[in-house]
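To keep things clear, I will list the structure first and then write my remarks on it.
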Amino acid sequence: MDFRNAVAMKVQETTGLDLETVNRLIEIPPQEDMGDYAFPCFALAKTMRKAPNMIASELALSDKLSADWISKVEAKGPYLNFFVDRGAFAKEVLSEVLEKGTSFGQSEEGSGKTVIIEYSSPNIAKPFHVGHAFTTILGHSLSRIYEKLGYKVVRMNHLGDYGTQFGKLITAFRLWGDEEALEKDAIAELLRIYVKFHEEEKKDENLTTVARENFKKLEDGCEEEVALWTRFRELSLKEFNKLYDRMGVSFDNYNGESYYSNLIPGIIDLLREKNLLVESEGAQVVMLDEKKLPPCIILKSDGTTIYASRDLAAAKYRYDTYHFDKNIYVVGMPQALHFQQVFAVLEKAGMPFAKNCEHVGFGLVKFQNMKFSTREGNIVALEDLLNESVAKTYELIKANAETRNSDLSEDELKAIAEKVGLGAVIYTYVKAGRERDIVFSWDTMLDFEGDTAPYLIYTYARTRSILRKAAEQGFLPEKAGSGLLNKLNGDEEFACVKMIADLPDAVKKAAASNEPFMVSRAVAQIARSFNRFYNNCSILGGDDAELKTARLALCEAVCDAIEAGTYLLGIPVVEQM
RNA sequence: GUCCACGUAGCUCAGCAGGAUAGAGCGACCGCCUCCUAAGCGGUAGGCCGGAGGUUCGAAUCCCCUCGUGGACGCCA
């Protein structure tokens with residue numbers, strides 16, 4: 001039963017307004033003592049020609065509004081406030097969670113639909129730094145969120161594996177490459193020679209020419225150049241995959257820019273057929289004046305392709321291959337204009353899927369007290385950040401294990417530290433709206449108190465611990481549907497149940513706005529409300545055995561909800577910490 | 001110059017298809033472990049919601065202007 005909708009139906013019966021309107025108007029009061037749902041009466045003021053306050057107090061008297069699941073209806077100013085019966089609410093909500101477990105919040109709204117999510121997309125031969133983590137973590141989370149809603153998700157890693165820099169790399173490797181170093185740490189070695197190339201290039205212009213020639217050979221499919229490129233690509237991907245595995249991130253497709261490059265001629269032909277290509281300053285462009293956008297360059301004046309043409313080819317390929325209902329690009333905000341242009345060209349070319357393409361942008365990862373430059377080599381590699389976080393977590397749980405005399409083995413401690421440490425990093429990327437910049441500082445990244453993943457995981461672990469202890473004492477959580485769940489009507493219990501009940505809606509909103517933080521906020525609220533309850537009420541301590549089992553059911557539901565929620569963010573939970 | 005974001009507590013951020021006394025976390029200060037994990041909980045302090053106008057019963061939320069910050073504006077991606 002959906003209590004909100006049930007309230008709406010009651011209001012509909014009494015006022016005669018249509019259900020949709022009522023549903024839109026119903027809101028959650030800002031204060032708890034004002035009730036659980038509110039219907040503002042302003043909308044009725046005009047038709048009834050009465051003051052909203054009057055209408056509210058009159059409606060409050062109507063016996064049509066009573067029901068066994070409503071404990072009170074009262075008028076407060078222009079608002080008609082509904083108080084649900086706490087016991088009935090707890091039983092309803094918790095029963096659903098206990099039945100569904102971690103699949104709580106799942107829905108079928110995306111059933112039969114395919115959504116493509118392009119994310120991560122690092123450049124071959126370049127270090128994977130904390131900025132890449134943003135798209136990776138966001139895309140991973142969005143993938144899981146859409147899957148939760150029943151969509152078929154295709155995860156695409158649009159690798160940066162094409163362009164003139166590969167001519168430079170091939171040239172540099174032939175001159176200064178170290179085979180052994182390449183095998184040992186490919187990205188470090190490729191970065192080293194790349195940096196060296198730029199230094200030497202300043203002194204020797206001939207290098208630039210050689211690099212250009214080598215890129216041309218690569219494009220033309222010359223064996224040696226292709227072999228080197230393939231090797232760089234594979235070795236880089238191997239490194240990236242280590243990180244992906246560690247974070248539980250996966251992809252269905254690693255087609256990079258090089259793959260789509262081969263499809264560009266088809267797109268050019270298509271644009272020519274439609275007479276969209278015009279020459280401008282030597283380049284071939286599509287004019288987008290009617291959309292108030294600058295022209296989109298398709299072919300450079302030297303006749304070579306550019307990223308817009310690759311994205312056009314990629315979009316068409318994706319539609320032809322997957323017939324997507326939604327095609328999402330998780331790419332930084334600075335590229336917003338680029339995607340507007342690409343989508344506009346698709347639309348102009350009559351591609352029916354143009355309107356289903358969406359750019360999901362995100363902010364910059366900035367650095368406090370730090371300069372950020374690839375050339376100077378002083379970037380923060382994601383791996384280093386993860387390691388720092390895990391190391392700090394390890395110290396904390398080791399200290400805790402000692403004070404609590406826990407029997408955790410060294411291996412277990414390490415495994416827990418890995419999960420919690422990673423979770424902490426991931427959470428910093430999904431705790432706020434994605435368009436916000438993240439100001440990176442070791443202090444805030446490694447602060448594990450308050451609104452953080454360790455807080456969520458800690459809440460989970462502590463609750464699991466209670467459930468284990470209870471089982472040892474012979475107490476099991478009350479089952480779904482049990483009337484004893486009605487006993488959960490205290491302030492803290494009720495607040496917690498309400499937060500759990502909000503999770504499914506948060507997941508839907510997260511997908512609708514492509515904002516994982518809607519989920520992280522909901523989970524954090526569940527954890528916070530539970531911690532309040534935990535501090536105010538003894539779960540295992542009381543004499544009332546029935547209340548005890550009911551409260552254990554709440555514990556169980558909290559665990560399910562937190563686990564379901566953190567999973568959607570890509571954050572793992574642990575049984576102890 | 002044009003366009004796009006953003007500007008809310010000391011800091012990081014919610015809230016913005018208009019609605020009741022603007023909320024969290026961090027930091028500060030004061031408390032709470034003989035009791036289920038103190039990575040926890042409670043309390044106090046802290047706000048002309050960048051500024052000025054307008055729309056109306058009502059604006060942090062919508063419109064106009066303005067200031068500030070960041071970003072994007074054709075042959076990089």
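Order of the sequence lines fixes the chain letters, A, B, ..., with proteins taken first and strands second; residue numbering starts at 1 for each chain.
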Rounded to whole Å, CD1 of A/Ile397 lies from P of B/A39 at a distance of 12 Å
How long is the line joining NZ of A/Lys366 and C1' of B/G70, in whole Å?
6 Å
Centres of the A/Phe343 and A/Tyr329 rings: under 6.0 Å?
yes
What is the pairing partner of B/C62, taking Watson-Crick or G-U wobble pairs with both distances under 3.5 Å in any strand?
B/G54
Going by purine N1 to pyrimidine N3 plus the second Watson-Crick contact, or the G-U wobble pair, all under 3.5 Å, which nucleotide sits opposite B/G25?
B/C11
In whole angstroms, how far is the P atom of B/A77 from the NZ atom of A/Lys126?
11 Å
Whole-Å distance separating the OH atom of A/Tyr534 from the P atom of B/U37:
5 Å
Round to the nearest Å and state the distance from A/Ile562 atom CD1 to B/G40 atom P.
13 Å
Nucleotide opposite B/G1 in a Watson-Crick or G-U pair, distances under 3.5 Å
B/C73
Suppose we define a pair by two distances each less than 3.5 Å, Watson-Crick or G-U wobble; what does B/C36 pair with here?
none
Sub-6.0 Å ring centroid separation between A/Tyr317 and A/Tyr259:
yes
Rounded to the nearest Å, what distance is computed from the CD1 atom of residue A/Ile298 to the P atom of nucleotide B/C75?
14 Å
Side-chain-base donor-acceptor pair under 3.5 Å for A/Ser280 and B/G74:
yes
Do A/Asn123 and B/A77 have a side chain to base donor-acceptor pair shorter than 3.5 Å?
no
With both distances kept under 3.5 Å, what pairs with B/G46, Watson-Crick or G-U wobble?
none
Given B/G7, is OP1 or OP2 found less than 4.0 Å from the side-chain N or O atoms of A/Arg436?
yes
A/Arg310 NZ/CZ over A/Tyr162 ring centroid, <6.0 Å and within 45° of normal:
no
Could you check whether the side chain of A/Tyr307 and the base of B/A77 have a donor-acceptor pair of N or O atoms closer than 3.5 Å, going by distance alone?
yes
Rounded to whole angstrom units, what separation is found between the OH atom of A/Tyr455 and the P atom of B/G40?
7 Å
Please report the distance separating the C1' of B/U55 from the corresponding atom of B/A59, rounded so that it comes out in whole Å.
10 Å
When you measure only distances, ignoring hydrogens and angles, does the side chain of A/Asp451 come within 3.5 Å of the base of B/A14 through a donor and an acceptor?
no
Donor-acceptor pair under 3.5 Å, A/Ser538 side chain vs B/C35 base
no
What distance do A/Glu515 atom CD and A/Arg434 atom CZ have between them, rounded to the nearest 0.5 Å?
4.5 Å
Apply the test salt bridge (Lys or Arg N to Asp or Glu O under 4.0 Å) to residues A/Arg318 and A/Glu118: give CA-CA distance (whole Å), side-chain angles for both, the deciding distance (0.1 Å), then the verdict.
CA-CA 11 Å; A/Arg318 288 173 193 180; A/Glu118 172 189 311; 2.8 Å; yes
Taken to the nearest whole Å, CD/A/Gln335 to C1'/B/A77 is 6 Å
Using a heavy-atom cut-off of 4.0 Å across all strands, would you classify A/Ala45 as base, sugar-phosphate, or nothing?
nothing
